[in-house]
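These notes are about the structure you will find just below.
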Amino acid sequence: MRKYQPKRAALIAIDVAIVVLAILLTAITVGYLSNYKIIMTLLLCLFWLVAILFAAVLLPAYFSRTVIYISPAEISMKTGIVYVKRHHMKFSAVQYVSTVTTFMSKYTGLNFVILRAMGGTMILPFLGVEDVREIEELMRNS
């Protein structure tokens, strides 16, 4: 049985994107709402509160709790923040395997394996390039 977990590089890339988005929203808000101090302050607090909540609490919890197991018979994924979801798919049921690799995926870790079976889809998120290739090879050989 092989165990895979999301790569920390993906978490860092998403955190950087969240901070950049919060900075852009701050600049736009200050630029357009500088005459309305109360609304501007409330929006800035809201933007940064959501950014900190996602970047420092929710995403690290999601990444630390997501685990993918691949055995010779089946693929299992356990994930969740508040409650735990378990997904199971037998190797024999898999009909199509798709891989999604993004720009600079070696450094960002934003790679996905999409497994399709009759009546269901399983997405294995935020894997490293070598993990994606290994899973693809396992699926091809089975």
Side-chain angles (χ1 to χ4, degrees), residues 1-34 36-91 93-142:
M1 180 175 290
R2 181 88 166 97
K3 177 181 174 182
Y4 299 96
Q5 288 189 301
K7 297 298 176 200
R8 290 286 175 201
L11 177 62
I12 293 168
I14 294 171
D15 285 347
V16 167
I18 288 172
V19 170
V20 168
L21 181 65
I23 290 171
L24 286 174
L25 289 173
T26 299
I28 291 169
T29 303
V30 169
Y32 285 109
L33 297 176
S34 60
Y36 306 103
K37 298 288 184 196
I38 294 173
I39 296 173
M40 181 184 72
T41 305
L42 288 174
L43 282 176
L44 291 177
C45 289
L46 177 69
F47 294 152
W48 284 101
L49 181 68
V50 169
I52 290 170
L53 178 70
F54 271 92
V57 178
L58 294 177
L59 286 174
Y62 175 79
F63 273 69
S64 67
R65 291 178 150 226
T66 300
V67 181
I68 301 163
Y69 296 103
I70 297 182
S71 69
E74 72 174 4
I75 302 155
S76 301
M77 184 171 72
K78 184 177 89 170
T79 187
I81 296 174
V82 177
Y83 58 93
V84 176
K85 292 189 300 185
R86 290 182 176 88
H87 301 276
H88 302 281
M89 186 179 287
K90 292 188 182 278
F91 261 109
V94 175
Q95 293 178 337
Y96 301 105
V97 177
S98 302
T99 59
V100 178
T101 55
T102 59
F103 175 70
M104 301 287 286
S105 64
K106 182 178 179 183
Y107 304 109
T108 61
L110 297 174
N111 305 307
F112 304 90
V113 175
I114 303 168
L115 305 171
R116 291 189 176 93
M118 192 69 125
T121 300
M122 181 184 284
I123 299 174
L124 309 178
F126 306 118
L127 298 168
V129 174
E130 61 280 348
D131 293 341
V132 168
R133 289 187 183 130
E134 187 177 325
I135 292 171
E136 190 176 28
E137 188 66 32
L138 282 170
M139 299 309 276
R140 191 177 304 139
N141 292 336
S142 65

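Only this structure's heavy atoms are used, side chains among them; waters, hydrogens and symmetry mates stay out. Owing to the predicted nature of the structure, the values given are computational and were not obtained by experimental measurement. Counting from 1, the numbers follow the sequence of the chain as shown.
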Please tell me if the side chains of Asp131 and Arg133 come closer than 4.5 Å, counting only heavy atoms from C-beta onward.
no

Thr102 side chain to Leu110 backbone, donor-acceptor under 3.5 Å:
yes

In plain terms, say whether Glu137 and Arg140 are close enough for a salt bridge, that is, a side-chain N and a carboxylate O under 4.0 Å apart.
yes

Between Lys7 and Glu130, does a side chain to side chain contact (heavy atoms under 4.5 Å, CB included) hold up when you go through it step by step?
CA-CA 11 Å; Lys7 297 298 176 200; Glu130 61 280 348; 3.9 Å; yes

Report the distance from atom CD1 of Ile14 to atom CZ of Phe63, rounding to the nearest 0.5 Å.
4.5 Å

Taking the side chain as C-beta and beyond, is there a heavy-atom pair between Pro6 and Leu11 under 4.5 Å?
no

Spacing of CD1 belonging to Ile123 relative to OG1 belonging to Thr79, to within rounding of 0.5 Å:
12.0 Å

Is there a side-chain contact between Thr101 and Val129, using heavy atoms and a 4.5 Å cut-off?
no

Heavy-atom closest contact (Arg8 atom, Pro60 atom, distance):
NH1-O, 4.5 Å

Could you tell me the separation between the CD1 atom of Ile52 and the CG atom of Asp15, rounded to the nearest 0.5 Å?
11.5 Å

With side chain to side chain contact (heavy atoms under 4.5 Å, CB included) as the test, would you mind laying out the steps for Leu33 and Leu43 before giving the verdict?
CA-CA 10 Å; Leu33 297 176; Leu43 282 176; 3.5 Å; yes

Do Ile18 and Leu59 pass the side chain to side chain contact (heavy atoms under 4.5 Å, CB included) test, and can you show the C-alpha distance, the side-chain angles, and the key distance before you say yes or no?
CA-CA 11 Å; Ile18 288 172; Leu59 286 174; 3.7 Å; yes

Will you find, in the side chains of Ser105 and Asn111, an N or O donor that is under 3.5 Å from an N or O acceptor?
yes

Whether over 12 other heavy atoms sit under 6.0 Å from Tyr62 OH:
yes

Measure the shortest side-chain to side-chain distance between Trp48 and Ile23 over non-hydrogen atoms and say whether it is less than 4.5 angstrom.
yes

Do Tyr69 and Glu74 pair up side chain to side chain, a donor and an acceptor below 3.5 Å, judged on atom types alone?
no

CA sep, side-chain torsions, deciding dist, call: Val100, Val113, side chain to side chain contact (heavy atoms under 4.5 Å, CB included)
CA-CA 6 Å; Val100 178; Val113 175; over 6 Å; no

One should read off an interatomic distance between Gln5 CD and Leu127 CG, to the nearest 0.5 angstrom, of 10.5 Å

Quick one, Thr66 and Lys78 - any side-chain contact, counting heavy atoms below 4.5 Å?
no

All heavy atoms of Thr41 vs all of Lys37, minimum pair found to be OG1-O, 2.7 Å

One should read off an interatomic distance between Ser71 OG and Lys3 NZ, to the nearest 0.5 angstrom, of 15.0 Å

Quick check: closest heavy atoms across Pro125 and Met77, and the distance to 0.1 Å?
CD-SD, 3.7 Å

As an exercise, state the distance from CG of Leu44 to CG of Leu49, rounded to the nearest 0.5 Å.
12.0 Å

Is the shortest heavy-atom distance from the side chain of Leu115 to the side chain of Met89 under 4.5 Å?
yes

State, yes or no, whether a side-chain contact exists between Tyr4 and Ile75 at a heavy-atom distance under 4.5 Å.
no

Residues Arg116 and Ser98: side-chain donor-acceptor under 3.5 angstrom
yes

Nearest heavy atoms of Gly109 and Ala10, plus distance in Å:
O-CB, 3.5 Å

For the residue pair Val94 and Met139, establish whether any side-chain heavy-atom pair is separated by less than 4.5 Å.
yes

Main chain of Ala61, side chain of Ser64: is a donor-acceptor contact present, judged purely on distance under 3.5 Å?
yes

